Protein chains: 2
Amino acid sequence: MDTSPEGPDDLIVAVEQMIRYVRQSARTGGLSTAASSTPARLSREGPQRLTELARAEGVSQPNMTQLVTRLERAGLARRTADASDGRGVLVAVTSTGVEVLDRRRAERARALRQLMEDMTGPERQATTTALPAPARVIHHRQDTSEEDRA
Amino acid sequence: MDTSPEGPDDLIVAVEQMIRYVRQSARTGGLSTAASSTPARLSREGPQRLTELARAEGVSQPNMTQLVTRLERAGLARRTADASDGRGVLVAVTSTGVEVLDRRRAERARALRQLMEDMTGPERQATTTALPAPARVIHHRQDTSEEDRA
DNA sequence: TATTGTTATACTCTATAACTATA
DNA sequence: TATAGTTATAGAGTATAACAATA
């Protein structure tokens with residue numbers, strides 16, 4: 001029943017190695033994946049409610065509370081009161097946060113570019129073509145399950 | 001000097017999404033990446049010294065001490081004294097550990113297979129071809145830097 | 001009563017520094 | 001003195017449960 005000759009095991013190993021590599025490269029910028037994903041979203045989509053953020057990032061509300069506290073301490077994000085709802089807070093990225101994001105993005109891009117320079121032409125070609133595919137499928141899958149929950 | 005039309009940013013996003021997906025799927029088995037990588041290595045290569053393990057996994061010695069302690073508590077690994085060196089310990093995977101690894105491997109394979117079923121034929125083809133390429137380059141890069149250190 | 005956010009608690013994963021025991 | 005391993009300490013990142021404030 002195997003669709004691919006090598007079986008999925010090789011792919012899993014490949015993905016795990018890529019995970020390690022990217023995580024290490026990401027750490028160079030001083031931010032973990034969790035710590036950078038939220039500022040990135042805030043910079044993309046503007047200030048948001050804490051609950052909304054937690055849901056969007058797929059983490060628990062207490063987790064997001066802590067994460068935002070850490071981001072605030074690092075000067076990357078800011079809490080402001082929500083004028084329309086006394087219970088809520090709005091979380092926004094700071095200008096420092098945006099700068100750090102840009103720097104980090106550049107570093108990761110450099111790491112990935114260097115990785116691809118070490119590939120053969122066909123490998124590079126195939127990678128460029130293939131990599132967005134799993135992402136697309138995952139994205140679609142997540143959207144669908146969110147609709148299920150709603 | 002961009003080699004690819006889309007630029008590396010799209011690839012980074014793709015990789016990050018894959019990381020999240022695989023991490024979530026891996027968690028299903030009850031073991032994090034760190035907690036499963038070491039038993040996997042032990043099952044592949046046999047019992048090893050703690051220091052050796054730490055170096056191979058790229059973590060600090062205290063980290064490995066803790067990790068092995070957790071694995072022992074979970075019944076997945078075992079410490080034995082090294083007869084030839086009173087200071088050392090040998091870490092081995094248990095039969096339970098091997099079973100859990102197998103189960104986990106199957107679960108991940110299923111997740112990945114399902115992911116690939118949602119792809120178009122060409123996407124699937126390209127993914128199978130491309131995914132091992134970054135892994136190969138990363139692997140080579142790690143080997144080289146280890147030689148540098150030695 | 002339901003929702004928003006925080007606090008309390010606990011566990012994994014990670015690191016560095018200090019320590020113990022053996023070589 | 002150098003090496004192997006553990007303990008101490010600290011911080012990120014994650015979760016659930018309990019709580020306070022507001023709607």
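Reminder, nothing fancy here: chain letters follow the sequence lines and each chain counts from 1. The structure displayed is predicted, hence computed values, not measured ones. The basis for the numbers below is simple: all heavy atoms, side chains too, and nothing from hydrogens, waters or symmetry mates.
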Any heavy-atom pair between the side chains of T65(A) and R79(A) that's under 4.5 Å?
yes
Residue pairs, two or more places apart or on separate chains, that pass salt bridge (charged side-chain N to carboxylate O under 4.0 Å, His left out) and touch residues 85-96 of chain B:
R49(B)-D85(B), D85(B)-R87(B)
Nucleotide nearest T65(B) when distance is taken to its side chain, options dA15(C), dT14(D), dG5(D)
dG5(D)
Other residues, nucleotides, ligands: >12 heavy atoms within 6.0 Å of Q48(B) CD:
yes
Rounded to whole Å, how long is the line connecting atom CD of E57(A) with atom P of dA12(D)?
18 Å
Counting only side-chain heavy atoms from C-beta out, which of dT14(C), dA12(D), dA8(C) sits nearest to P62(A)?
dA8(C)
Result for 5'-nearest mapping on DNA chain D, choosing between V59(A) and G88(B), is G88(B)
Could you tell me whether the side chain of Q66(B) has a donor or acceptor atom within less than 3.5 Å of a complementary atom in the base of dT12(C)?
no
Measure from CD on Q61(A) to C1' on dA2(C) and round the result to the nearest Å.
13 Å
Calculate, to the nearest 0.5 Å, the distance between atoms CG and CD belonging to L71(A) and Q66(A) respectively.
11.5 Å
When rounded to the nearest 0.5 Å, the distance separating CG of N63(B) from CG of L53(B) is 11.5 Å
Between atom CG in L53(A) and atom C1' in dT14(D), what is the gap in whole Å?
17 Å
Sub-3.5 Å donor-acceptor pair from the side chain of T96(A) to the main-chain atoms of L76(A), do we have one?
no
Calculate the interatomic distance between M64(A) atom CE and dT16(D) atom P; express it in whole Å.
14 Å
Just to confirm, is there a sub-4.0 Å distance from OP1 or OP2 of dA15(D) to any side-chain nitrogen or oxygen of S60(A)?
yes
Sorted by number, residues from residues 42-52 of chain B placing a heavy atom under 4.0 Å from DNA chain D are R49(B), L50(B), T51(B)
CD of E52(A) to CD of E57(A), rounded to nearest 0.5 Å, is 11.5 Å
Whole-Å distance, L67(B) CG to dT6(D) C1', equals 15 Å
Give, for atom OG1 of T51(B) and atom CE of M64(B), the distance between the pair rounded to the nearest 0.5 Å.
10.0 Å
Using a heavy-atom distance cut-off of less than 4.0 Å, which residues of residues 73-87 of chain B contact DNA chain D?
R79(B), R87(B)
Note: for N63(A) and T69(B) on DNA chain D, the residue whose nearest nucleotide lies more 5' is T69(B)
When rounded to the nearest 0.5 angstrom, what is the spacing between OG in S43(B) and CG in D102(B)?
7.5 Å
